[in-house]
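What follows is one structure encoded as structure tokens, with my remarks underneath.
Note on naming: letters A, B, ... go to the chains in the order of the sequence lines (proteins, then strands), and numbering restarts at 1 for each one.
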Amino acid sequence: MGIKIENLFYTYGKKASNSTLALNDVSFAINDNDFVAIVGETGSGKSTLAQCLNALIIPDKGQVVVDDIVVSYKNRKSKKMRDLRKRVGLVFQFPEYQLFEETVEKDVAFGVKNFGVKNEEALEEAHKALAQVGLDESYYKRPPFELSGGERRKVAIAGILAIKPDIIIFDEPTVGFDPASAKELMGLIVEMHKHGKTIIVITHDMDLVNEYAQKVFMLENGKLAFEGTPSELFLHVQNYDRLDIPKVIKLALALKEKGMDIDINSVRSIDDLIEAINCWRNKHE
Amino acid sequence: MSSMTFGRYSFRDTFVHRLDARNKIFLMILCMVAIFFQFKMWSTALLLSGLYLVALIILMIISRVNILQLFKSLSGMWLFIIILMAIYIFVPNNNYYLPVAFKIASLQVRWDAFCQSGYIILRLIMMISLTMVLTSTTKPMDMTYAFEWFLSPLKLIKPARFVAHEIAMTLSIALRFIPTLLEETERIMKAQSSRGVDFNRGGLFKRFGAVIALIIPLFVSALERSEELANAMIVRGYDPRANRTRYRLLRFSWRDIIAFLLVAIGFAGVIVLFVFDRTGSPLDLIWHLFKVKGF
């Protein structure tokens with residue numbers, strides 16, 4: 001079950017004089033079990049697109065097709081929009097601010113119950129989801145407001161995981177996190193990907209894109225400006241100062257310019273670069 | 001939700017916009033008191049309501065307030081109108097004397113029920129319109145300065161010396177944060193919708209649950225924001241007890257005198273009518289005319 005985005009248009013404040021065209025004829029497809037990143041500067045339409053994929057925003061024109069569910073203006077009142085939310089989970093920026101129940105387990109079970117699952121079964125799903133994000137039994141009865149920021153975010157992510165969506169969209173998942181917590185969280189997302197979930201990450205963090213994404217879509221002023229692999233993107237936007245290319249890629253590009261034959265596609269981390277340099281040295285010694 | 005424009009300050013250069021905020025608030029209170037005078041005679045009440053409506057429409061045209069926007073925002077009052085009418089229809093009242101409109105089993109519903117509830121709703125709409133004119137034509141900061149000025153007599157009482165400024169500051173912060181909280185509400189609503197909450201469908205119990213899922217995170221984030229703001233103010237050396245000067249001063253001009261005189265004359269007229277109403281007046285004649293026409 002992939003996602004097909006076809007000629008999507010969306011305007012904020014349609015009737016107002018200062019209306020903004022947030023999505024302008026965006027089309028692309030995401031396959032099953034892909035790990036994709038959507039990048040672009042602030043206001044380029046990334047979050048609007050994510051909300052269209054979850055039917056929280058109904059496009060003015062065009063459609064999003066997820067399996068047999070079509071999100072379009074024509075179908076805006078269809079009851080299937082709710083079913084879509086069960087299949088496509090959306091983890092908002094700072095999801096910890098959506099917690100409200102007295103205990104962690106109740107909060108995680110909240111979403112499951114909304115989709116018609118009985119209380120006990122929902123709690124069981126909640127426990128499984130909490131285990132997936134690395135929170136053990138000792139957290140079940142604790143109030144979410146007493147937890148640290150990182151733990152709260154894990155609870156919020158568990159809340160979406162418990163619904164068992166096939167596709168999970170993360171809007172800036174690591175924003176506000178220290179590098180260690182960010183890495184831990186990304187490890188968690190990679191685990192979900194390994195378990196067969198399709199992952200869509202919206203981010204400004206190019207290191208994250210380089211390290212984890214298989215495919216990248218770049219939006220610019222509401223239009224799809226690029227589609228390809230991370231390394232293709234970095235080659236594409238070399239002289240584009242609004243997107244910060246990862247330092248490891250900058251270094252690899254500089255070395256390539258100096259005559260070192262390095263395959264940029266293979267460089268995802270410092271270790272990859274060291275390996276590429278060693279390969280080149282071995283070839284030339 | 002963020003596109004909500006009802007009552008939001010709109011920058012325009014009109015006679016009403018240029019009035020002193022203190023004067024506007026005072027005159028608005030006078031008008032509201034006048035609107036809420038309870039007249040015994042329907043004739044006087046109807047006549048005055050008509051006059052108020054005409055004056056209000058003129059005021060809205062002068063201040064270039066969007067009348068259509070007002071009607072849109074009043075659409076949420078339907079439930080209130082129905083409840084009010086139900087109370088007037090089903091709660092027995094011995095003071096009803098107009099003819100019976102219709103019967104529900106043994107219950108006689110008189111025209112009074114419709115007239116009285118209609119009269120109250122009309123007055124409420126007029127009050128909302130007045131508030132809308134005030135907030136659309138007065139900058140929020142000017143409004144808080146005006147409130148501070150009204151509270152300034154408190155400065156004479158020693159224990160409450162600083163309360164005026166603190167209340168004004170609290171008000172200005174509250175006004176400043178309304179759009180932020182609206183955005184936050186929208187964000188939380190979307191986040192909860194993605195967890196399967198349906199804010200538009202379902203029974204009473206389900207909707208109550210949905211509201212809880214919205215209100216608690218909203219309160220938590222508002223409290224966290226308030227703490228952050230308080231700390232940010234402290235680190236920047238804010239002291240509510242310090243003597244402060246103002247860059248912008250509120251000034252009373254000739255426009256304010258004209259507006260004041262107009263409203264004062266109107267208010268005096270309403271008081272005269274009110275006295276006549278309580279003691280019996282020639283306006284009774286109009287009432288009889290209505291009666292003859294079978295009202």
*CZ-NZ distance between A:Phe92 and B:Lys190, expressed to the nearest 0.5 angstrom*: 6.5 Å

*Within-4.5 Å side-chain heavy-atom neighbours: B:Pro217 and A:Leu99*: no

*If you round to the nearest 0.5 Å, how far is CD of A:Gln98 from OG of B:Ser221?*
12.0 Å

*Side chain, backbone, both or neither: which part of B:Val197 has an atom under 4.5 Å from a heavy atom of chain A?*
both

*Which bit of A:Leu90 comes within less than 4.5 Å of chain B, counting heavy atoms only: side chain, backbone, both or neither?*
both

*Which region of A:Leu84, side chain (C-beta onward) or backbone (N, CA, C, O), has a non-hydrogen atom less than 4.5 Å from a non-hydrogen atom of chain B, or is it both or neither?*
neither

_Atom OH of B:Tyr238: over 12 foreign heavy atoms under 6.0 Å_ = yes

*Note, A:Leu56 side chain near B:Met189 side chain (heavy atom, < 4.5 Å)*: no

*For atom CZ of B:Phe15, decide whether the heavy atoms of other residues, nucleotides or ligands shown that lie under 6.0 angstrom number more than 12.*
yes

*chain A heavy atoms under 4.5 Å from B:Ile215: which part of the residue, side chain, backbone, both or neither?*
neither

*Region of A:Gln93 that comes under 4.5 Å of a non-hydrogen atom in chain B*: backbone

*Given side chains that start at C-beta, do those of B:Ile216 and A:Phe145 come closer than 4.5 Å, heavy atoms only?*
yes

*Hey, is OH on A:Tyr73 packed in by over 12 heavy atoms from elsewhere, all under 6.0 Å?*
no

*Just how far is it from atom OG of B:Ser193 to atom CD of A:Gln51, taken to the nearest 0.5 Å?*
10.0 Å

*Hey, could you give me the NZ/OG distance between A:Lys86 and B:Ser194, rounded to the nearest 0.5 Å?*
13.5 Å

*Could you tell me whether B:Arg195 and A:Asp107 have a side-chain N and a carboxylate O separated by less than 4.0 Å?*
yes

*More than 12 heavy atoms of other residues, nucleotides or ligands under 6.0 Å from CD of B:Glu224: is that the case?*
yes

*A:Asp178, CG: over 12 other non-hydrogen atoms inside 6.0 angstrom*: yes

